[in-house]
Amino acid sequence: MYKKVKRMTATMRIIHWVNVFSIVAAVITGLYIAHPYYQSMIAEAAAYKYIMAYNRWVHFIAAILLDVTSIAVAYLYFFSRFEKPVKKLIPNAQNIKEFFEVVINLLTLNRRKNFDSSKLDSFNAVYFTILHLLLFLMLFTGLQMYVWGLYHGASSIGAWWPWILHVGTDWTLWVFGGPHGVRVVHHLTMWIIIAWVAFHVYYQVWRTIFWREGDMAIVFGGYKFKKAK
């Protein structure tokens, strides 16, 4: 016998899918911006193509969506009425034990499972926190590369916008050794996020197969199942 357990609210599911499509769009357009890789020699005159401009626009919008959802997630970590993930990030004995129990469960192919899988576990709380920290790093390095291109120190909405970007992101030049270092970090972080996504998808499929609790259905309907005692 199984009982239905709610694991994600509608807001959380919307944030999840916004992140999915934004990451896909940001990766595709980001790779093109770094190195144009598909055909731009179309029939229209060059003045009407704007292929790089469209890629930059989609990349910027995708990045804004990721940053906004990351801020929303940061708020929900502390103030959600459904579930506060920050409680699972506290390095107390219970959370540390649960973290390693989840790792052991994964490494032993479900031969040992000493934790409640119907609730958020500390392993996933840490794993998703890493994602959002990576997204914030992409925000700062990306905006630094963006403002680096405003050589005249102004924008279409005034000089205040580049000034804010310099104040907020110039520290990346010092930390990563100049514009080239910022670009390298931005690019490498993208590959880390891709690896994060690959493991996340793999792990959710793994949980669905081994636990038989319908974990893959959580992001669609918000519910999974738990074996009733």
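Here the structure is a predicted model, which is why all the values come from computation and not from measurement.
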Next on the checklist: Measuring from atom CG of Asn105 to atom CG of Asn110, what distance do you get when rounded to the nearest 0.5 angstrom?
Outcome noted: 4.5 Å

Next on the checklist: Is any side-chain heavy atom of Tyr75 closer than 4.5 Å to one of Ile71?
Outcome noted: no

Checklist entry - In the single-linkage hydrophobic clustering (I, L, V, M, F, W, Y; side-chain heavy atoms under 4.5 Å), do Leu135 and Val24 co-cluster? => result yes

Item to check | Donor-acceptor contact present, side-chain His59 to main-chain Ala26, <3.5 Å | outcome: yes

Checklist entry - Do Arg7 and Glu83 come close enough that some side-chain heavy atom pair is under 4.5 Å? => result yes

Next on the checklist: Is a donor from one side chain sitting under 3.5 angstrom from an acceptor on the other, for Thr69 and Asn19?
Outcome noted: yes

Checklist entry - For the atom pair CD1 (Ile193) and CG (Leu137), what is the distance rounded to the nearest 0.5 Å? => result 8.0 Å

Item to check | Aromatic ring proximity Phe100/Phe123, centre distance under 6.0 Å | outcome: no

Checklist entry - Does Gly214 offer a backbone N or O that forms a donor-acceptor pair with the side chain of Thr208 under 3.5 Å? => result no

Checklist entry - Is there a donor-acceptor contact under 3.5 Å from the side chain of Lys84 to the main chain of Ser80? => result yes

Checklist outcome for this item: Residues at least two apart in sequence or cross-chain that pass side chain to side chain contact (heavy atoms under 4.5 Å, CB included) with Val175, listed by chain then number, are Trp171

Next on the checklist: Checking side chain to side chain contact (heavy atoms under 4.5 Å, CB included) between Ile15 and each of Leu65, Val68, Val73, which is the one that passes?
Outcome noted: Val73

Next on the checklist: If you define the side chain from C-beta out and look only at heavy atoms, does anything of Phe220 sit under 4.5 Å from Trp17?
Outcome noted: yes

Checklist entry - Do Val182 and Trp148 come within less than 4.5 Å of each other through their side chains, counting heavy atoms only? => result no

Checklist entry - Just wondering, do Leu31 and Val27 contact through their side chains at under 4.5 Å, heavy atoms? => result yes

Checklist entry - Does the side chain of Lys88 come within less than 4.5 Å of Glu98's, by heavy atoms? => result yes

Checklist entry - Is it true that Glu213 and Lys227 have a side-chain N and a carboxylate O under 4.0 angstrom from each other? => result no

Checklist outcome for this item: The reported gap from NZ in Lys113 to CZ in Phe115 (rounded to nearest 0.5 angstrom) is 5.5 Å

Item to check | Tyr77 versus Thr129, side-chain donor and acceptor atoms under 3.5 Å | outcome: yes

Checklist entry - Excluding sequence neighbours, so at least two apart, what forms side chain to side chain contact (heavy atoms under 4.5 Å, CB included) with Leu109? => result Arg111, Trp206, Phe210

Item to check | Val147 vs Leu143, side-chain contact (heavy atoms from CB on, under 4.5 Å): CA-CA, chis, key distance, verdict | outcome: CA-CA 6 Å; Val147 76; Leu143 287 177; over 6 Å; no

Next on the checklist: Nearest 0.5 Å, please: how far is CD1 in Ile64 from OG in Ser22?
Outcome noted: 10.5 Å

Checklist entry - Between Val126 and Phe99, is a side-chain contact (heavy atoms from CB on, under 4.5 Å) present by the stated rule, with each step listed? => result CA-CA 9 Å; Val126 171; Phe99 180 92; 4.1 Å; yes

Checklist entry - What is the distance from atom CG of Leu139 to atom CG of Asp67, rounded to the nearest 0.5 Å? => result 4.0 Å

Checklist entry - What do you reckon, is CZ of Arg56 surrounded by more than 12 foreign heavy atoms closer than 6.0 Å? => result no

Checklist entry - Can you find a heavy atom in the side chain of Thr11 that is under 4.5 Å from one in the side chain of Phe82? => result no

Checklist entry - When rounded to the nearest 0.5 angstrom, what distance separates CG in Asp170 from CZ in Phe140? => result 12.0 Å

Checklist entry - Do the side chains of Val20 and Val58 join up, straight or via other hydrophobic residues, at under 4.5 Å, putting them in one cluster? => result no

Next on the checklist: Less than 4.5 Å apart, side chain to side chain, heavy atoms only: is that true for Val102 and Asn124?
Outcome noted: no

Checklist entry - By salt bridge (charged side-chain N to carboxylate O under 4.0 Å, His left out), which residues pair with Arg112, not counting sequence neighbours? => result Glu101

Checklist entry - Linking I/L/V/M/F/W/Y whenever any side-chain heavy atoms sit under 4.5 Å apart, do Tyr203 and Met12 land together? => result no

Next on the checklist: Could you see if Ile164 belongs to whatever hydrophobic cluster contains Phe60? Use Ile, Leu, Val, Met, Phe, Trp, Tyr and a side-chain cutoff under 4.5 Å.
Outcome noted: yes

Checklist entry - Charged N to carboxylate O under 4.0 angstrom, Asp116 versus Lys226? => result yes

Next on the checklist: My understanding is that only residues two or more places apart in sequence, or in another chain, count here; which of them pass ring pair (Phe, Tyr, Trp, His ring centres under 6.0 Å) with Phe225?
Outcome noted: none

Item to check | Smallest separation among heavy atoms of Gly221 and Arg13, with atom names | outcome: O-NH1, 3.5 Å

Checklist outcome for this item: Contacts of Asn92 meeting side-chain hydrogen bond (donor to acceptor under 3.5 Å, both in side chains) (sequence neighbours excluded), chain-then-number -> Asn95

Item to check | Asp121 bridged to Arg207 by N-O distance under 4.0 Å | outcome: yes

Next on the checklist: Are Tyr146 and Trp163 connected into the same hydrophobic cluster when the rule is that any two of I, L, V, M, F, W, Y join if their side-chain heavy atoms are below 4.5 Å apart?
Outcome noted: yes

Please tabulate, for the side chains in residues 194-202, all donor-acceptor contacts under 3.5 angstrom to protein atoms that are two or more places apart in sequence or on a different chain.
from	atom 1	to	atom 2	distance (Å)
Trp196	NE1	Tyr127	O	2.9

Item to check | Closest non-hydrogen atom pair, His132 against Ser70 | outcome: ND1-OG, 3.4 Å

